[in-house]
There are 2 protein chains.
Amino acid sequence: MIEPPDESPSPCLCEADALPPSDQHAQQYAAVRNAHETELLEDYVELIGDLIEHQGEARSADIAQRMGVSQATVSKMVARLKGLGLVASKPYRSLFLTERGEEMAAMSRQRHAIVLRFLRALGISDDTARIDAEGMEHHVSEETLAAMQRFSQQRESS
Amino acid sequence: MIEPPDESPSPCLCEADALPPSDQHAQQYAAVRNAHETELLEDYVELIGDLIEHQGEARSADIAQRMGVSQATVSKMVARLKGLGLVASKPYRSLFLTERGEEMAAMSRQRHAIVLRFLRALGISDDTARIDAEGMEHHVSEETLAAMQRFSQQRESS
DNA sequence: CAATACAGTTAGCCTTTGCTAAGTTATTTT
DNA sequence: AAAATAACTTAGCAAAGGCTAACTGTATTG
């Protein structure tokens, strides 16, 4: 067996790019797993909110098309969202957001807008910015979000 | 039923923050789903590479601890990685990366470093930067990565 | 060298998120 | 108002990624 070269349990006394202490490391991964649990939910809720706003109503078929997913998948997801108290609907009718759903949609929309604007301010092309924003939006902390906002503002007012 | 207010199939002639055309919208979500498929794989491979480099070897127990996950989960994942030709190992012994695994680890490490450096250059605190980098790293396009690199360089040389 | 402790694996379970195929309800068209 | 089309739901399947519990191998140490 190879002896680990002086593996101390405390912070780290080795090179600059060493591994973080393992409990901190684990926390990072936990944060990502956690984000994954809510992000799809948020995407659905955000999309439903957007559809209602822009097209007057949110129908499963539209959601399926925009998400690039089968209608059956949407049905199942909507059942879950109803169970979580985010969406309300009657069978075979279009969808509505509950108050909690509205809140979540508003938050998501805002995050999304901030990240998208930031990427554009960074000089990213429109198509790429859209794709990256969709992926990044759920992994950006409040702190980073604030920094992005500051940056965009500064860039745009020059 | 509510009549959708002039829903044309072509690009969009409505307000500034309207929904993107649905095929483009679907592509965004597809990109995210796609990233999700590979990102865990990349995290494992990156971590295995880091452990080998910094501690001389990569053991399941270390991985489990650092990922904040049970050993059984690691075993299963390693089996998958072996099936994909990214990892090599003999039962009950420590893990190695194949050539393809090394390549993937190098790419991941580089992406990770660029994003982390960028967040720091933006003024984000260390702990937050680490967490956000872990989440964002898999959702950043080449184009954005390049922009981040440019930005960090510029910031640091002033 | 036997006993114990530690590391790794296997089996079996659960949830999420996707799918297809088949059935049901609503809407539109004739 | 009947038939046809479109929208929605349900049932059943699969893969990924978690878990615990039970088992098997490896290493340490008395």
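Naming convention: chains lettered A, B, ... in sequence-line order (proteins, then strands); numbering from 1 in each chain.
Per the geometry, CD belonging to E57(A) stands 15 Å off P belonging to dA26(C), to the nearest Å. The interatomic distance linking R80(A) (CZ) with dT16(C) (C1') rounds to 7 Å, in whole Å. Atom-to-atom, CG of L51(A) to P of dA7(D) comes out at 14 Å; the value is rounded to the nearest Å. Distance CE (M67(A)) to P (dC19(C)): 10 Å, rounded to an integer number of Å.
Using the six-membered ring where Trp is involved, H139(B) and H36(B) have ring planes that are perpendicular, over 60° apart on the 30 and 60° scheme.
Here the nucleotide nearest the side chain of M77(B), chosen from dG17(D), dC19(C), dT16(C), is dG17(D).
Take D126(B) and apply the side chain to side chain contact (heavy atoms under 4.5 Å, CB included) test, not counting sequence neighbours, and it matches R120(B), R130(B). Under the side chain to side chain contact (heavy atoms under 4.5 Å, CB included) criterion, Q154(B) pairs with no residue at all, not counting sequence neighbours. Contacts of E142(A) classified as salt bridge (charged side-chain N to carboxylate O under 4.0 Å, His left out), with partners at least two apart in sequence or in another chain: R111(A). In this structure A147(B) satisfies the side chain to side chain contact (heavy atoms under 4.5 Å, CB included) test together with L122(A), I124(A), R150(B), sequence neighbours excluded. Applying the salt bridge (charged side-chain N to carboxylate O under 4.0 Å, His left out) criterion to R109(B), with sequence neighbours excluded, gives D50(B), E53(B). Looking at residues two or more places apart in sequence or on another chain, you find no salt bridge (charged side-chain N to carboxylate O under 4.0 Å, His left out) involving D43(B).
The side chain of T73(B) places an N or O atom within less than 4.0 Å of a non-bridging phosphate oxygen (OP1 or OP2) of dC19(D).
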In residues 74-87 of chain B, what donor-acceptor pairs under 3.5 Å come from side-chain atoms, sequence neighbours left out?
{"unit_1": "K82(B)", "atom_1": "NZ", "unit_2": "S89(B)", "atom_2": "O", "d": "2.9"}
{"unit_1": "K82(B)", "atom_1": "NZ", "unit_2": "S89(B)", "atom_2": "OG", "d": "3.4"}

Subject >> Contact pattern, 5' to 3', of nucleotides 2-12 of chain C - B, S or - by protein heavy atom under 4.0 Å >> reply: -----SBBB-B
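The stretch residues 28-50 of chain A comes close to DNA chain C through L40(A), Y44(A), each having a heavy atom under 4.0 Å from the strand.
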